[in-house]
Colleague: 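Pasting in a structure now, in structure tokens, and then I'll have a few things to ask.
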2 protein chains.
Amino acid sequence: MKDLLQALRAHGIQPTAQRLAVARFVLEATAHPTADEVWEKVRARNPTLSRATVYNTLNLFVEKGLLCTQALREGALVFDPCVRRHHHFIDEKTGAIHDVPWEAVKVTGEKLLRGYEVTEYQVVMTGRKRKS
Amino acid sequence: MKDLLQALRAHGIQPTAQRLAVARFVLEATAHPTADEVWEKVRARNPTLSRATVYNTLNLFVEKGLLCTQALREGALVFDPCVRRHHHFIDEKTGAIHDVPWEAVKVTGEKLLRGYEVTEYQVVMTGRKRKS
DNA sequence: GTTCGTGCAAACGGTTTGCAACAAT
DNA sequence: ATTGTTGCAAACCGTTTGCACGAAC
């Protein structure tokens, strides 16, 4: 819990009860939730939390560099803790989004694209989850 | 124009004036337009065309395999002709989306991901367009 | 008492849907 | 006459915004 406080302060975010609740959920989230999913989940413990506050808070976190948004789902943004670079795998059955470690996949050739100066990239994969 | 007719028929789509107009624009589009952009552009020549028809038509095209949707833009789907596989480059200044030839970038390692069976993938790059 | 965050409700933009008019077979 | 397509408007969903209340310095 203390680390959450420090994380917010380190990013210049004034901590409030609502922001801590959102941060606690979203920074540990591995599920790439949408804003509404964050609201649903966090509201379970903080019933007075309003949707607007969740949206405001998430946008604030993005602005302050605590979260990144990803356009990986059709129709809604998903939020991802800004940790080390990684790729994404999308289960075509369930739509669930999984992180893929950066070293698991190698991309070559992006440096010498004619006409483009690539500063960021990621591989977006889709397929089925294996039983194992 | 004849090829458009055949393309629609080949995909089991009954051709109508509206569908041909949409197809003509979107199949040649290199700009990855959103549905509303398609509407705006096609309406210039077909002023009676309704937004609903554009949405219905685009969804029909996707259903029938003539178009693919890509979640590359925040807040709106973009449509892409289903041609050969390719990657995407997004200009971080303008948001413009460009196709990157499949052979220009190589991805390795996606076959042996533990737990995932990858059936599709693409590299999504962002950066600046070079002057050249 | 000023500043900032919250909550509500209304507004907004992209998309879908219900329905009545219509065209084609 | 049946089937399928169109156009309009209303509904819908995810998100933003305006504003009044309330908490904190």
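A quick note: this is a predicted structure, and the numbers were derived from the prediction, not measured.
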Colleague: Regarding A:Asn59, tell me which of base, sugar-phosphate or nothing describes its non-hydrogen contacts under 4.0 Å with the strands shown.
Modeller: sugar-phosphate
Colleague: Reckon B:Thr34 has a side-chain N or O less than 4.0 Å from the OP1 or OP2 of C:dG14?
Modeller: no
Colleague: Should we say atom CD of B:Glu117 is surrounded by more than 12 heavy atoms from elsewhere, each under 6.0 Å from it?
Modeller: yes
Colleague: Check the distance between D:dT6's P and B:Trp39's CH2 and give it to me in whole angstrom.
Modeller: 16 Å
Colleague: How many Å lie between CZ on B:Arg73 and P on C:dG14, as a whole number?
Modeller: 10 Å
Colleague: Rounded to whole Å, how long is the line connecting atom CG of A:Leu8 with atom P of C:dC4?
Modeller: 18 Å
Colleague: Is there a side-chain polar atom (N or O) of A:Thr16 under 4.0 Å from OP1 or OP2 of C:dT6?
Modeller: yes
Colleague: Starting from C1' on D:dG18, measure out to OH on A:Tyr55 and report it in whole angstrom.
Modeller: 18 Å
Colleague: Report the relative orientation of the aromatic rings in A:Trp102 and A:Tyr121; use parallel for angles under 30°, tilted for 30 to 60°, perpendicular for over 60°.
Modeller: tilted
Colleague: Distance check needed: C:dT6 P versus A:Leu58 CG, whole Å only.
Modeller: 12 Å
Colleague: Does the side chain of B:Thr53 get closer than 4.0 angstrom to OP1 or OP2 of D:dG7 through an N or O atom?
Modeller: yes
Colleague: Which whole-number value in Å describes the distance from A:Leu60 CG to C:dG5 P?
Modeller: 8 Å
Colleague: So, taking the atom named NE2 in A:His98 and the one named NE2 in A:His32, what distance separates them when rounded to the nearest 0.5 Å?
Modeller: 9.0 Å
Colleague: What I want to check is whether the side chains of B:Glu74 and A:Thr69 have a donor and an acceptor closer together than 3.5 Å.
Modeller: yes
Colleague: Using heavy atoms to find the nearest nucleotide of DNA chain D for B:Ala52 and B:Gln14 separately, return the residue whose nucleotide is more 5′.
Modeller: B:Gln14
Colleague: So, is A:Thr48 near the phosphate of C:dG7, with a side-chain N or O under 4.0 Å from OP1 or OP2?
Modeller: yes
Colleague: Nearest 0.5 angstrom please: B:Thr34 OG1 to B:Glu40 CD, how far?
Modeller: 8.0 Å
Colleague: Nearest whole Å is fine: how far is D:dT15 P from A:Phe61 CZ?
Modeller: 17 Å
Colleague: CG of B:Asp36 versus C1' of C:dC12: gap in Å, rounded?
Modeller: 13 Å
Colleague: Counting any heavy atom closer than 4.0 Å, what does B:Arg19 reach on the DNA or RNA strands: base, sugar-phosphate only, or nothing?
Modeller: sugar-phosphate
